[in-house]
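Order of the sequence lines sets the chain letters (A, B, ...), proteins ahead of strands, with each chain counted from 1. Side chains are part of it too, since the values below use all heavy atoms of this structure and drop only hydrogens, waters and symmetry mates.
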Number of protein chains: 2
Amino acid sequence: MLNGRTPSVKDVAAAAGVSLGTVSNVMNRPEVVSARTRERVERAMSELGFVRNESARQLRAGTSRTLAYVMLDGTNPFFHDVAQGIELAAEDADLSLFICNSNSRAAREEVHLDRLLQQRVQGILITPVDPAAAHLDELTRRGVPMVIVDRVRGADSCCSVSVDDVLGGRIAVEHLAEQGHTRVAVVGGPDSLGQVGERLQGAREIWESLGRDPDDLIYLPTDAMTVSEGRSAGERLAGLPARRRPTAAFCLNDLLALGLLQQGIGAGLRVPDDLAIVGFDDIEFASAAAVPLTSVRQPRQELGRAAAQLVLDEATNPNHRHEQLQFTPELVARASTVSRARAR
Amino acid sequence: MLNGRTPSVKDVAAAAGVSLGTVSNVMNRPEVVSARTRERVERAMSELGFVRNESARQLRAGTSRTLAYVMLDGTNPFFHDVAQGIELAAEDADLSLFICNSNSRAAREEVHLDRLLQQRVQGILITPVDPAAAHLDELTRRGVPMVIVDRVRGADSCCSVSVDDVLGGRIAVEHLAEQGHTRVAVVGGPDSLGQVGERLQGAREIWESLGRDPDDLIYLPTDAMTVSEGRSAGERLAGLPARRRPTAAFCLNDLLALGLLQQGIGAGLRVPDDLAIVGFDDIEFASAAAVPLTSVRQPRQELGRAAAQLVLDEATNPNHRHEQLQFTPELVARASTVSRARAR
DNA sequence: CGAGAAAGTTGAAATGTTTCATTGACCGTA
DNA sequence: TACGGTCAATGAAACATTTCAACTTTCTCG
């Protein structure tokens with residue numbers, strides 16, 4: 001009857017001598033079927049090696065048991081930590097998580113979204129290349145539950161989960177000021193990234209409110225937020241005339257900070273004495289650096305978890321209201337800003 | 001006619017005034033339908049905002065357009081690089097990639113495999129917790145194309161793609177010996193991991209073939225291959241009596257090496273002069289370390305790409321033969337073993 | 001013993017797509 | 001005019017599951 005084919009409910013029903021409906025009941029509402037038949041069906045299932053066909057189930061149900069996360073940059077561990085948080089929440093809801101990577105390219109992002117739409121995923125979490133992109137509106141219009149992660153989007157058009165980047169910038173620079181630095185570089189870019197603007201803004205705000213000269217907060221733009229850009233920023237820093245050269249740098253993410261740290265140490269600087277460094281994100285590798293990095297910690301997993309919860313609410317709760325969740329970053333001081341002598 | 005529902009081929013057909021079959025043809029074999037009707041159908045599609053339902057398509061086709069990778073440890077960037085390689089190959093074959101993470105737990109791995117089976121994925125790539133696990137045989141028995149990544153499995157029971165770990169161990173230790181080290185530590189574990197055994201074996205082989213005293217190659221076992229285990233190995237190393245203390249360490253992966261490096265530098269050692277360090281894998285962060293790490297490079301992306309190609313062959317080629325692909329690792333010498341004075 | 005309720009089981013319909021044998025229209029040639 | 005041939009389009013069947021109204025059997029109580 002089943003020649004090579006993988007067995008279906010029909011085969012199980014035949015083997016157990018019951019109807020299709022009963023087999024389905026055994027799987028979906030075991031309580032309505034008598035112990036005797038249930039057992040018989042279960043035996044038939046394991047004998048045949050039956051495995052539910054998820055496509056058929058989905059087709060009938062109209063939606064899949066899957067959530068998706070479209071991450072921005074697979075080379076930055078930050079996003080994997082966020083994904084991990086999402087995964088945990090998905091797990092709790094008995095859903096699978098589909099992870100995509102746009103690699104900061106809008107075109108890839110669109111391809112992924114298209115596929116996810118075809119897959120009829122329950123909801124989409126995304127750290128978009130551009131939060132204002134039209135293809136995101138498209139999702140909203142279609143009624144696909146969507147949550148923006150680590151970015152924000154105007155107009156309450158959807159939920160988002162982010163961190164107060166302005167505040168992050170403030171506490172980073174405040175910390176450096178407290179450590180006695182009077183000339184500080186801010187390293188990051190491109191400033192088309194919303195976060196770059198906000199972290200920089202926070203940095204400037206606190207700097208001025210401390211009564212410092214704006215000229216002593218030097219913005220060093222980069223083309224991307226990568227280790228190698230961090231290195232090259234370090235070279236530019238070293239090239240500044242000594243009286244203009246900052247004694248501390250606030251890097252807009254940890255990858256930049258790691259690059260800068262490496263370049264500095266390679267050039268013979270002592271960190272933090274000659275150059276103090278603050279990063280942002282507090283990825284695992286920040287604390288693992290040769291000189292452990294002071295960093296502005298984002299609750300990475302928590303970000304993902306919260307986002308997943310929002311998207312699930314949107315998917316299941318009929319009177320869901322869009323929410324813009326914002327977490328508070330906090331400074332984790334380590335050796336890259338606090339010299340051993342001074343610490344403790 | 002369609003009230004709120006997302007439109008189906010049927011709706012498109014009605015709107016365009018053609019039959020279901022024609023709409024399907026427009027999507028799957030546009031060449032058989034006349035330009036006039038094709039255009040009409042396409043207009044109807046975009047007007048209705050039609051999106052193919054992948055579940056229905058899969059149900060009919062019997063298999064999904066998806067590959068899956070079950071990675072071993074999401075906190076190790078190595079596996080993300082492998083995944084990236086798989087993704088690229090999947091992309092070329094116009095397939096999606098489903099990424100799962102077993103986090104080194106056999107139970108999670110089994111749950112994931114079960115789900116993937118239900119999903120009827122085209123093939124499964126996996127870096128298993130235990131290559132000998134019974135649930136892997138299960139897959140083979142079911143005829144699901146499967147490739148083991150970065151591990152091997154006896155008996156030609158399936159394809160695998162790996163790196164010659166024995167050779168990796170040899171070249172790492174050979175390099176250290178060439179640099180003049182006479183007492184070397186090998187750091188890693190647990191030795192239930194196949195790779196640990198093989199890399200260690202390679203290390204011992206070359207050591208003896210160089211005529212060195214086996215007692216001068218000191219195995220320092222760890223509980224896991226993580227940064228923090230690397231740190232604690234560093235402490236144990238420092239605790240050794242000076243005349244027994246090695247001047248170089250071969251860490252069985254880069255995370256360990258990073259941890260060891262950090263601990264060493266924190267304790268005031270100069271790397272490589274007081275302690276030389278070699279890692280394994282050559283992840284991105286190895287070259288980004290404060291003292292750039294010498295490491296045994298595995299072709300990470302290539303590993304993934306090759307594995308994907310094998311799984312695709314198994315899925316599509318009726319006279320597929322299982323293959324055990326093995327790549328050759330190569331040493332990338334950096335500052336952590338070659339002091340600046342000596343280099344060039 | 002019989003009526004009614006409860007428990008258990010059934011069978012058909014529905015989901016959205018693809019495939020393929022069949023039909024229909026049109027054209028040129030014998 | 002009739003015939004074969006090509007090109008387009010059609011409609012029904014198939015995929016594997018879930019749901020639900022309807023049916024049968026068993027149980028309970030008067």
Side-chain angles (χ1 to χ4, degrees), chain A residues 1-42 44-45 48-66 115 117-121, chain B residues 1-42 44-45 48-66 115 117-122 142:
Chain A
M1 170 222 314
L2 72 160
N3 28 335
R5 275 191 314 106
T6 95
S8 71
V9 253
K10 209 197 286 195
D11 303 311
V12 174
V18 298
S19 75
L20 293 199
T22 301
V23 178
S24 174
N25 281 338
V26 169
M27 297 192 284
N28 303 307
R29 323 181 193 62
E31 70 281 3
V32 311
V33 21
S34 74
R36 255 171 55 71
T37 22
R38 192 182 342 151
E39 219 170 87
R40 207 140 41 88
V41 170
E42 273 160 358
M45 281 179 169
L48 293 176
F50 169 77
V51 176
R52 245 206 196 98
N53 183 324
E54 184 64 21
S55 325
R57 202 231 268 253
Q58 277 178 32
L59 174 56
R60 180 63 229 240
T63 177
S64 76
R65 303 201 49 70
T66 306
R115 256 204 251 264
L117 235 36
Q118 295 191 16
Q119 231 123 233
R120 304 289 195 266
V121 293
Chain B
M1 169 219 319
L2 74 161
N3 27 338
R5 274 188 317 105
T6 92
S8 71
V9 253
K10 208 197 286 196
D11 302 312
V12 174
V18 298
S19 75
L20 294 199
T22 301
V23 177
S24 174
N25 282 337
V26 169
M27 296 190 285
N28 303 307
R29 323 181 194 58
E31 69 281 4
V32 310
V33 21
S34 74
R36 254 170 58 72
T37 24
R38 185 173 357 141
E39 216 169 273
R40 205 139 42 88
V41 170
E42 274 160 357
M45 282 181 168
L48 293 176
F50 169 78
V51 176
R52 246 207 196 93
N53 183 326
E54 184 65 20
S55 322
R57 202 232 266 253
Q58 277 179 29
L59 174 56
R60 181 62 229 241
T63 179
S64 74
R65 303 200 48 69
T66 305
R115 255 204 251 266
L117 235 35
Q118 296 191 15
Q119 231 122 231
R120 302 289 193 271
V121 291
Q122 288 230 335
R142 283 206 138 73

Examine the base of D:dT18 for any acceptor or donor lying under 3.5 Å from a partner atom in the side chain of A:Arg60, and report the outcome as yes or no. yes
The reported gap from CZ in B:Arg52 to CG in B:Asn28 (rounded to nearest 0.5 angstrom) is 5.0 Å
Return the CD to CG distance between A:Gln58 and A:Asn53, rounded to the nearest 0.5 Å. 9.0 Å
Rounded to whole Å, please give me the gap between CG in B:Leu117 and P in D:dA16. 15 Å
The nucleotide from C:dT10, C:dT18, C:dG16 with an atom nearest the side chain of B:Asn28 is C:dT18
Can you see if the side chain of A:Ser55 gets near the phosphate of D:dA16 - specifically, an N or O under 4.0 Å from OP1 or OP2? no
Between OG1 on residue A:Thr63 and CD on residue A:Gln119, distance to nearest 0.5 Å: 11.0 Å
By nearest-nucleotide position on DNA chain D, the 5'-leaning member of B:Arg38 and B:Ala56 is B:Arg38
Measure the CG-CD distance between A:Asn25 and A:Glu31 for me, rounded to the nearest 0.5 Å. 8.5 Å
Rounded to the nearest 0.5 Å, how far apart are OG of A:Ser55 and CZ of B:Arg57? 12.0 Å
Within the pair B:Thr37 and D:dA9, is there a side-chain N or O less than 4.0 Å away from OP1 or OP2? yes
Run the side chain to side chain contact (heavy atoms under 4.5 Å, CB included) test on A:Arg40 and A:Thr37 for me, step by step, so that the C-alpha distance in whole Å, both residues' side-chain angles and the decisive distance to 0.1 Å come before the verdict. CA-CA 5 Å; A:Arg40 207 140 41 88; A:Thr37 22; 3.1 Å; yes
Rounded distance (Å) that lies between atom C1' of D:dT19 and atom CG of A:Asn25: 9 Å
Please tell me if A:Ser34 has a side-chain N or O lying less than 4.0 Å from either OP1 or OP2 of C:dT9. yes
Below the 4.0 Å mark, does D:dT17 have OP1 or OP2 next to a side-chain nitrogen or oxygen of A:Asn53? no
What is the bend of the helix from C:dC1-D:dG30 to C:dA30-D:dT1 when you compare the axis at one end with the axis at the other, using five pairs each and rounding to 10°? 60°
Of the nucleotides D:dT10, C:dT18, D:dT17, which has the atom closest to the A:Phe50 side chain? D:dT17
For B:Leu20 and C:dC20, what is the distance between atoms CG and P respectively, to the nearest whole Å? 16 Å
If you pin B:Gly21 and A:Val23 to their nearest nucleotides in DNA chain D, which one's is more 5'? B:Gly21
Kindly say if B:Ser24 contacts the phosphate of C:dT17, meaning a side-chain N or O under 4.0 Å from OP1 or OP2. no
Ignoring backbone atoms, test whether A:Arg52 places a side-chain nitrogen or oxygen under 4.0 Å from the OP1 or OP2 oxygen of D:dT18. yes
Rounded to whole angstroms, how far apart are NZ on B:Lys10 and P on D:dT10? 16 Å
Residue-phosphate contact under 4.0 Å: A:Arg29 side-chain N/O, D:dT19 OP1/OP2: yes
Where do B:Val12 and B:Leu48 land on the side chain to side chain contact (heavy atoms under 4.5 Å, CB included) test, with the steps shown first? CA-CA 7 Å; B:Val12 174; B:Leu48 293 176; 4.1 Å; yes
To the nearest 0.5 Å, how far apart are CG in B:Leu59 and CZ in A:Arg60? 13.0 Å
Could you tell me the separation between the CZ atom of B:Arg65 and the P atom of C:dT17, rounded to a whole number of Å? 16 Å
A:Arg36 atom CZ is separated from D:dT26 atom P, nearest whole Å, by 11 Å
Roughly, in whole Å, what's the span from CZ in A:Arg120 to C1' in C:dG16? 9 Å
Hey, does the side chain of A:Thr22 come within less than 4.0 Å of C:dT10's phosphate (OP1/OP2), counting only N and O? yes
note: B:Met45, atom CE; C:dG16, atom P; distance rounded to Å ~ 15 Å
